[in-house]
Amino acid sequence: MDVLQALGRFHGPEHHFVLRVYFEDTDLTGVVYHANYLRFMERARSDMLLAAGIDQRAVFEAGEGAYAIATLAIKYRVPARLGDELTVVSHLKRLRAASVDIHQRVMRRDTIVAEAEVEAAFVSPTGRPRRQPSDWMAAFAPLVGKGN
């Protein structure tokens, strides 16, 4: 199997994931459709895990479980538009045995376009909360609470 490489990078404890707004991301007016910010943030979270050395697929295929979004609160500040280059900045706010809280900002240069508070819960294949793998906890520990 090919080993995936993260597209984004850690800058200290923050993970930066760069993307461009394409036509398919926008509504009739050329503004990013509100639900697509969730897609952008999901890609950034998945890439952050990959950059931290976490293989979600292997853990899932081994029958251990996967992350599920338990809560998400998003605030839209200014519109992003067709052709914009955006950076999703993610940092871990809190780590618990069965979940992690993540703050994410969608940035256009120095402007916050949208931001979200996300709680990702680790769940068993049957959907019940369970402890995260210990190597995941170890990978996250040095990153928690050190971002903006």
### Query
Under a 4.5 Å side-chain heavy-atom rule over Ile, Leu, Val, Met, Phe, Trp and Tyr, are Val21 and Val88 clustered together?
yes

#### Entry: Nearest heavy-atom neighbours spanning Pro142 and Ala139
CD-O, 3.5 Å

### Summary
Residues pairing under salt bridge (Lys or Arg N to Asp or Glu O under 4.0 Å) where one sits in residues 107-118, two or more places apart or in two chains, turn out to be Arg77-Glu115, Asp84-Arg108, Lys93-Glu117

### Query
Under 4.5 Å between side-chain heavy atoms, hopping through other hydrophobics if needed: is there a path connecting Val144 to Val100?
yes

### Query
Considering only heavy atoms from C-beta outward, does the side chain of Pro13 approach that of His91 to under 4.5 Å?
no

### Query
Do you reckon Leu49 sits in the same ILVMFWY cluster as Val18, going by side-chain contacts under 4.5 Å, direct or chained?
no

### Query
If Ile, Leu, Val, Met, Phe, Trp and Tyr residues are connected whenever their side-chain heavy atoms lie under 4.5 Å apart, and connections chain through other members, are Val106 and Leu38 in the same group?
yes

### Residue pairs involving residues 33-47 (criterion salt bridge (Lys or Arg N to Asp or Glu O under 4.0 Å); sequence neighbours excluded)
Glu42-Arg45

### Task
Indicate yes or no: at least one non-hydrogen side-chain atom of Phe122 is less than 4.5 angstrom from one of Arg130.
yes

### Task
Please report the shortest heavy-atom distance between Ala120 and Ile69, naming the atom on each side.
CB-CD1, 4.1 Å

#### Entry: Minimum heavy-atom distance between Val59 and Trp136, given as atom pair plus value
CG2-CZ2, 3.6 Å

## Note on the structure
Separation between CD1 (Ile102) and CZ (Phe140), nearest 0.5 Å, reads 7.0 Å

## Note on the structure
Here the pair of heavy atoms bringing Pro79 nearest to Val31 is CB-CG1, 3.6 Å

### Task
Might you point out which heavy atoms bring Gln132 and Ser99 nearest each other, and give the distance in Å?
NE2-O, 3.1 Å

### Message
Quick one, Met41 and Leu72 - any side-chain contact, counting heavy atoms below 4.5 Å?
### Response
no

### Message
Using every non-hydrogen atom in the two residues, find where Gly8 and Ala51 come nearest and quote the distance to one decimal.
### Response
O-CB, 4.5 Å

### Query
Parallel, tilted or perpendicular for Phe17 and His15, by the 30°/60° rule?
parallel

### Task
Would you indicate whether the side-chain heavy atoms of Leu92 and Met48 approach each other to under 4.5 Å?
yes

### Query
Between Arg20 and Asp25, does at least one N-O distance fall below 4.0 Å, as a salt bridge requires?
no

### Message
Please tell me whether Leu50 and Phe60 are part of a single hydrophobic cluster in this structure, the criterion being side-chain heavy atoms less than 4.5 Å apart.
### Response
no

### From CD1 (Ile74) to OH (Tyr37), nearest 0.5 Å
8.5 Å

